[in-house]
Amino acid sequence: MSKHASLQRSNEAVQGLAITSSKTSASFVTISVTIWFIVLQICQGQLRAQLGTTPNIKHIVVGRCYTYITLVNPSLSYDCEEIWRQFEEAVVHQSSCNVTVEDYYQMFNVMPQIRPCNMFLFWSKTRTLMHSYAAVFRHFWTLEDTLVGYMFNDLIFCGQDEDSGFDFNSCPEWSACRNHPVYSLWRQASQNFAEMACGNITVLLNGSIVNAFNRKSMFGSVELESLNPQRVDYVNIKVVTNLDGPHIESCSHGSIVDLIQTLQSRGFHWTCTDNDQTLMILQCMQDPKHSSCQTCANSLLHRKSLTSN
Ligand SMILES: *[C@@H]1O[C@H](CO)[C@@H](O)[C@H](O)[C@H]1NC(C)=O
Ligand SMILES: *[C@@H]1O[C@H](CO)[C@@H](O)[C@H](O)[C@H]1NC(C)=O
Ligand SMILES: *[C@@H]1O[C@H](CO)[C@@H](O)[C@H](O)[C@H]1NC(C)=O
């Protein structure tokens, strides 16, 4: 109905443009209003498209799957078409707010993945920094490096109530339902990822926010629960703050203390580092003139002058 209404409105707008263009005095105002109307409709269109299933989702998902097994990780062999079939089955046969993690079991069964130890990287509210960290230390492995993470990263999807395929017009908000199709997929993917984790694992947390360790986050609610103290040697926590601060939480202040207590009570070995030097340097690379980066820059300068003498 909203689609119909907006179509009608744009017809009216175009008619308005044609009729008033002959009248001189009022025409400028009308054309401005009309253009404003059209711009508004384009914006609304984009907004709607963003909230619905990502356009071309099948091509994106199947394409990413082939990219992964052909270029990213050629040692693996998966049936990308079968993974898509299982995914579609899970999403479109339920109402859009009623896709449970169990609905994805078949899909996860056709995409098992194992990984050597000591490279698992977990993070919460540090996404940008995590990407540069993982790009520099290529051995780190995040959820987005798994096949499922790679395939579904940044995608939105939901079915329609009448079992008639994906809903490309609108999907419910995550918060609107208990069993959101996107949330359930990531929840199961996160759980599998954490269950697989072994050896030393790294957790990047954001010390510039309250509740750096948030029990409602994917890390706090799903991944932490699924880590196995028998498989994990050390949980190495790194708390990183923005160069500009604020410095709200640290290894000894705020919610991270709760995380450490939880880990300890479950029998994990752990370490916790505030402002890890490598993470500082990564941030300084993006903002070298920042005052927190001057000591680093000065010592480099100093070293340079020593070597050139
Ligand atoms: C949700 O799905 C379950 C089975 O997967 C079904 O029994 C239930 O009726 C569904 N609820 C709604 C509101 O569609
Ligand atoms: C910490 O969280 C804030 C707010 O979400 C974000 O702007 C900032 O980039 C994060 N800092 C780091 C180091 O990831
Ligand atoms: C695991 O972490 C502990 C504590 O940080 C460290 O002493 C040990 O060398 C690490 N082992 C590996 C294999 O990285």
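Indexing begins at 1, ligand by ligand and atom by atom, following the structure's order.
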Inset, instruction - Give the intermediate values and the outcome of side chain to side chain donor-acceptor pair (under 3.5 Å) for residues Asp244 and His290. - result: CA-CA 8 Å; Asp244 284 325; His290 196 279; 2.6 Å; yes
Which of the atoms in ligand 2, numbered in the order shown and given with their element, are less than 4.0 Å from a heavy-atom of [X]?
X: Lys125; result: 1 (C), 2 (O), 10 (C), 14 (O)
X: Thr126; result: 14 (O)
X: Gln283; result: 13 (C)

Legend entry - Protein heavy atom under 4.0 Å of atom 14 (O) of ligand 2: yes
Heavy atom of the protein closest to [atom] (residue, atom name, distance):
atom: atom 4 (C) of ligand 2; result: Ile209 CG2, 4.1 Å
atom: atom 2 (O) of ligand 2; result: Asn206 ND2, 2.2 Å
atom: atom 6 (C) of ligand 3; result: Asn200 ND2, 4.2 Å
atom: atom 12 (C) of ligand 2; result: Asn242 OD1, 3.4 Å
atom: atom 7 (O) of ligand 3; result: Tyr234 CE1, 4.9 Å

Legend entry - For Thr271, atoms of ligand 3 separated by under 4.0 Å from a heavy atom: 4 (C), 5 (O)
Inset, instruction - Over all heavy atoms of both residues, which pair between Phe122 and Leu227 is shortest? Give the atoms and the distance, please. - result: CZ-CD2, 3.9 Å
Inset, instruction - Answer with yes or no whether the side chains of Asp287 and Gln283 bring together a donor and an acceptor at under 3.5 Å. - result: no
Inset, instruction - State whether a side-chain donor-acceptor pair under 3.5 Å links Asp276 with Thr273. - result: no
Legend entry - Heavy atoms from other residues, nucleotides or ligands near NE2 of His247 exceed 12 (cutoff 6.0 Å): yes
Inset, instruction - Please report the C-alpha distance between Glu144 and His131 in whole Å, then the side-chain angles of each, then the deciding distance to 0.1 Å, and finally whether the side chain to side chain donor-acceptor pair (under 3.5 Å) criterion is met. - result: CA-CA 10 Å; Glu144 291 172 32; His131 279 138; 2.8 Å; yes
Inset, instruction - May I ask whether Asn236 places a heavy atom under 4.0 Å from ligand 3? - result: yes
Legend entry - Thr126 side chain to Leu204 backbone, donor-acceptor under 3.5 Å: yes
Inset, instruction - Please report the C-alpha distance between Thr100 and Glu102 in whole Å, then the side-chain angles of each, then the deciding distance to 0.1 Å, and finally whether the side chain to side chain donor-acceptor pair (under 3.5 Å) criterion is met. - result: CA-CA 5 Å; Thr100 63; Glu102 287 86 3; 3.1 Å; yes
